[in-house]
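Accompanying notes for the structure given below.
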Amino acid sequence: MSSRRRLSLLLVASLLATQAIAAERLTLRVGDQKGNMRAQLEAADALRDVPYDIQWAEFPAAAPLAEALNAGAIDAGIIGDAPLLFVLASGAPVKAIAVDKSDPYGTALLVRPDAPLHSAADLKGKRIATGRGSIGHHLALKALDQVGLTEKDVEFRFLGPVDAKIALANGSVDAWSTWEPYTALSELNGQGRVLVNGRGLSTGNSFLAATDKALEDPARRTALQDYLARLAGAQVWANQHLDTYSRTLSAIIGFPVEAARLQFERRQLRWQAIDGETIAEQQETADFYQAHGLMSERLEVAPTFASGFSVPATDPLTAQH
C-alpha cells in the first residue's frame, strides 16, 4: 500500500471517529426563567469545558416551563415550590433534585403607589392579578388567610407577568401578586409598591427539577450532577461579583441593571441538597393548596424528590480555573 493511500485511509478513519464522537455528545435541554441560571453560569465563566451541550429554553414564568417538563420537551428546569406542586399533582413524571433557598421578600403583592391600600385586609372585594398555581398565587392566598380572608373575598384574574403588569398600571386590577425580578422592576420604575412581602408567608424555595426519563438515563443523570455543581458555584461567584453579574443578567433578560442587581442581591440565593426541612416545607405548601380546594387530593411530596444529588460545600469554580 502506498504512503499516500495509507495517509488517505488514516484521514478517513480520523474523520469518521470525530463524527462518531460528535454524534455521541449529549445535549442537556434546560428550561430557565428570565435568565436566572444561564446568566450566572455565563457571567462566572462556568460553562468552560462542559462535556455536553446545553440547549436553553427561556420561559417568562413557571407555568409554561412546567408544561414543557410534563411534555418531556426539556430535561430539567428551575421552578418555584408552588408551581412544581401543580405539575406533580397532574401526574407529571418529574422530580426535584436540589433546592435554591432565598429570602422571599420579592415574592410580593404589589399595588399602585397611590393606591389607598395599606394591608392585606384592604384587599377584600378587590381584584388580584397573578398566575394560576404560581408562587404569586400561593402568596396571595397566604396573605389573605393571615387576615381571616379567603379566595372568595377577592376576585382573582389569572394573567401572565406582562399582562398583569399592564392590568395593574391601567387600573383593571387592584393588586398584582408576583415575584422577582418583576417586583424590583416595578419598585424602581415607580409603578408598584409592596403591600405585602413574602417573608413569613412564602418558603422562598425554588427547585431544579428533572424528568424521570432524564434521571433514568445514566449519562444524562451524570450531566445533571455536573450542571448542578457548576450552577451552585456560579451562584456563589455571582453573589461575590454583583456588578459583573448584574450586567450579564440585564443583557439576557432585558431589564435595567439596577433592577437586575436589586432582585438578586436581596434574594441571597443559595443552592442546597434536598433535606428533611425542605420536604416538610413542601408538604405544608401542598396541604395548604388542598385545604383551599386547588388540589383535589392530598399529595405526598416525599416521593417527588430524587436522591443521590449533591451540592458542593465550596465554590467548585475555584478548582476549574
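These values consider heavy atoms only, across backbone and side chains, with no hydrogens, waters or symmetry-generated copies. None of the values given here were measured: they were computed from a predicted structure.
Rounded to the nearest 0.5 Å, atoms CG (L47) and CG (L41) are 4.5 Å apart. The line from CG of D212 to NZ of K95 is 3.5 Å long, rounded to the nearest 0.5 Å. Summarising the geometry, atom CD belonging to E151 is positioned 8.0 Å from atom CG belonging to L144; distances are rounded to the nearest 0.5 Å. Separating the OG1 atom in T285 from the CD1 atom in I135 is a distance of 11.0 Å, to the nearest 0.5 Å. Taken to the nearest 0.5 Å, the CD1 atom of I74 stands 9.5 Å off from the CG atom of D32. Atom CG of L224 is separated from atom CZ of F309 by 5.5 Å, given to the nearest 0.5 angstrom.
The minimum heavy-atom distance between L69 and T211, with the atom names listed, is O-CG2, 3.5 Å. Y182 approaches P161 most closely through the heavy-atom pair CZ-CB, 3.5 Å. Between L123 and A175, the closest heavy-atom pair is CD2-CB, 3.9 Å. Closest of all the heavy-atom pairs between V30 and I54 is CG2-CG2, 4.0 Å. Nearest heavy atom pair, residue W237 against residue A43, reads CH2-O, 3.3 Å. Here the shortest heavy-atom pairing between A273 and V99 reads O-CG1, 4.0 Å.
Cluster annotation: I253 and Y245 are assigned to the same hydrophobic cluster (Ile/Leu/Val/Met/Phe/Trp/Tyr, side-chain heavy-atom contacts under 4.5 Å, transitive). Following chains of ILVMFWY side-chain contacts shorter than 4.5 Å, one cannot reach L65 starting from V162, and the two form parts of different hydrophobic clusters. When hydrophobic clusters are built by joining Ile, Leu, Val, Met, Phe, Trp and Tyr residues whose side-chain heavy atoms come closer than 4.5 Å, directly or via intermediates, F255 is grouped together with L249. Under the 4.5 Å side-chain heavy-atom criterion for ILVMFWY residues, a single connected hydrophobic cluster contains both W56 and L26. In the hydrophobic clustering of this structure, V257 does not group with L185; members are Ile, Leu, Val, Met, Phe, Trp, Tyr whose side-chain heavy atoms approach within less than 4.5 Å, directly or through other members.
Not a single donor-acceptor pair under 3.5 Å links the side chain of R157 to the backbone N or O of A167. Under a 3.5 Å cut-off, the side chain of S102 and the backbone N or O of G204 do form a donor-acceptor pair. Judged by distance alone, the side chain of Q40 and the main-chain N or O of A238 form no donor-acceptor pair under 3.5 Å. Not a single donor-acceptor pair under 3.5 Å links the side chain of D145 to the backbone N or O of L141. S202 places no side-chain N or O within donor-acceptor distance of the main-chain N or O of L139, the cut-off being under 3.5 Å. The backbone N or O of Q235 lies less than 3.5 Å from a partner atom in the side chain of N239, making a donor-acceptor pair. For D153 (side chain) and T150 (main-chain N/O), a donor-acceptor pair under 3.5 Å exists by modelled atom type. Here the side chain of R29 pairs a donor or acceptor atom with the backbone of G72 at under 3.5 angstrom. Side-chain atoms of T130 come within 3.5 Å of backbone N or O of H137 as a donor-acceptor pair. Panel note: side chain R193, backbone A115; a donor-acceptor pair is recorded below 3.5 Å.
Remark: D45 engages R48 in a salt bridge, criterion side-chain N to carboxylate O under 4.0 Å. Taking a cutoff of 4.0 Å between a charged side-chain nitrogen and a carboxylate oxygen, D103 and R266 do not qualify as a salt bridge. By the 4.0 Å N-to-carboxylate-O rule, E216 lies too far from R221 to be salt-bridged with it.
Looking only at atom types and distance, the side chain of E281 has a donor-acceptor partner in the side chain of N205 under 3.5 Å away. For the residue pair R267 / Q263, a side-chain donor-acceptor distance below 3.5 Å is found, with atom types taken as modelled. Using a 3.5 Å distance cut-off with no hydrogens or angles, the side chains of T203 and D81 do pair a donor with an acceptor. Between the side chains of S246 and D243, not a single donor N or O lies within less than 3.5 Å of an accepting N or O. In summary, the side chains of K165 and T178 do not present any donor paired with an acceptor at a separation below 3.5 Å, with no hydrogens or angles considered. Remark: the Q283 side chain and the D287 side chain contain an N/O donor-acceptor pair separated by less than 3.5 Å. Using modelled atom types and a 3.5 Å distance limit, the side chains of Q272 and D100 yield no donor-acceptor pair.
Side-chain contact between V194 and Y105 is present, with heavy atoms from C-beta onward closer than 4.5 Å. In this structure, F264 and L242 have side chains that are in contact, with non-hydrogen atoms separated by less than 4.5 Å. Side-chain atoms of I279 and I274, non-hydrogen and from C-beta on, do get closer than 4.5 Å to each other. Between V301 and L85 there is a side-chain heavy-atom pair separated by less than 4.5 Å. Within the 4.5 Å cutoff, side-chain heavy atoms of Q146 are placed close to those of L201. Using a 4.5 Å cut-off on side-chain heavy atoms (C-beta onward), Q282 and F305 make contact. Under the 4.5 Å side-chain criterion, counting only non-hydrogen atoms from C-beta, F156 is in contact with V154. Counting only heavy atoms from C-beta outward, the side chains of I97 and L215 approach each other to under 4.5 Å.
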- Item | Criterion side-chain contact (heavy atoms from CB on, under 4.5 Å) on R230 and V50, from CA distance to verdict | CA-CA 9 Å; R230 291 172 185 269; V50 173; 3.7 Å; yes
- Begin with the C-alpha distance, continue with both residues' side-chain angles, and end with the deciding distance and a verdict on side-chain contact (heavy atoms from CB on, under 4.5 Å) for S90 and N70. CA-CA 9 Å; S90 71; N70 192 13; 4.1 Å; yes
- Apply the test side-chain contact (heavy atoms from CB on, under 4.5 Å) to residues L110 and Q191: give CA-CA distance (whole Å), side-chain angles for both, the deciding distance (0.1 Å), then the verdict. CA-CA 9 Å; L110 302 180; Q191 293 182 337; over 6 Å; no
- So S186 and W176, side-chain contact (heavy atoms from CB on, under 4.5 Å) or not? Walk me through it. CA-CA 10 Å; S186 296; W176 174 23; 3.6 Å; yes
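In this structure, Y52 has its ring center at least 6.0 angstrom away from the ring center of Y227.
Crowding of E300 atom CD: a count of heavy atoms from other residues, nucleotides or ligands under 6.0 Å exceeding 12. No more than 12 heavy atoms of other residues, nucleotides or ligands shown are found within 6.0 angstrom of CD on Q55.
Remark: R132 qualifies as a cation-pi partner of F158 under the 6.0 Å distance and 45° angle criteria applied to the six-membered ring.
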